[in-house]
Amino acid sequence: MSLPPVLYKQTTIDGQVLVSYTWDSVEKVTQNELAISQVEDVVSIAGATGKVNVAIYTFDGVKAAEASGSESVSLSTAELPIGIYVVKATDSTGNKLIQKIVIK
């Protein structure tokens with residue numbers, strides 16, 4: 001399947017733009033080594049190259065917790081209210097992982 005050199009996509013509902021993006025190249029995607037795991041009230045990030053920065057956000061986009069470390073990081077979620085959160089991890093080589101977690 002060949003793609004046109006520039007592809008523009010916009011998604012609207014009732015005249016409101018929800019998603020808008022331009023795709024003008026295809027890049028090779030490599031396997032991401034970052035991994036997020038959640039055990040009870042601890043979220044752990046492993047597999048980073050060099051320094052790793054981790055943040056937990058509410059679905060409203062408010063930063064609820066953050067930490068950084070070398071190659072792996074663990075964050076306690078014991079103080080966070082029950083709900084759905086987004087974890088974002090980035091290492092020093094630019095590897096990025098975003099994952100939803102549920103705190104019960």
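In terms of heavy atoms, Ala89 sits closest to Leu34 at O-CD1, 3.7 Å. For Ile101 against Gln38, the heavy-atom pair with the smallest separation is CB-OE1, 3.5 Å. Nearest heavy atom pair, residue Ser72 against residue Ala46, reads CB-CA, 4.2 Å. Among all heavy-atom pairs drawn from Ser68 and Val73, the shortest one is C-CG2, 3.7 Å. Across all their heavy atoms, Lys104 and Ile82 have their closest contact at C-CG1, 3.6 Å.
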Chi angles and distances behind the side-chain contact (heavy atoms from CB on, under 4.5 Å) call for Ile84, Lys100: CA-CA 7 Å; Ile84 300 172; Lys100 176 182 77 169; 3.5 Å; yes
side-chain contact (heavy atoms from CB on, under 4.5 Å) between Ile98 and Val86, intermediate numbers included: CA-CA 7 Å; Ile98 299 172; Val86 175; 3.4 Å; yes
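Residues Val54 and Leu75 have side chains in contact (heavy-atom distance under 4.5 Å, counting atoms from C-beta outward).
Residues satisfying the side chain to side chain contact (heavy atoms under 4.5 Å, CB included) criterion with Thr77, sequence neighbours excluded, are Asp41, Val43, Ile56, Leu80, Ile103.
Using a 4.5 Å cut-off between side-chain heavy atoms of Ile, Leu, Val, Met, Phe, Trp and Tyr, with links allowed through other members, Val42 and Val102 fall into different hydrophobic clusters.
Side-chain contact annotation: Asp60 with Thr58, donor-acceptor N/O pair under 3.5 Å absent.
Panel note: side chain Thr49, backbone Ser92; no donor-acceptor pair is recorded below 3.5 Å.
Considering OH of Tyr85 and CD of Gln99, their distance stands at 16.0 Å, rounded to 0.5 Å.
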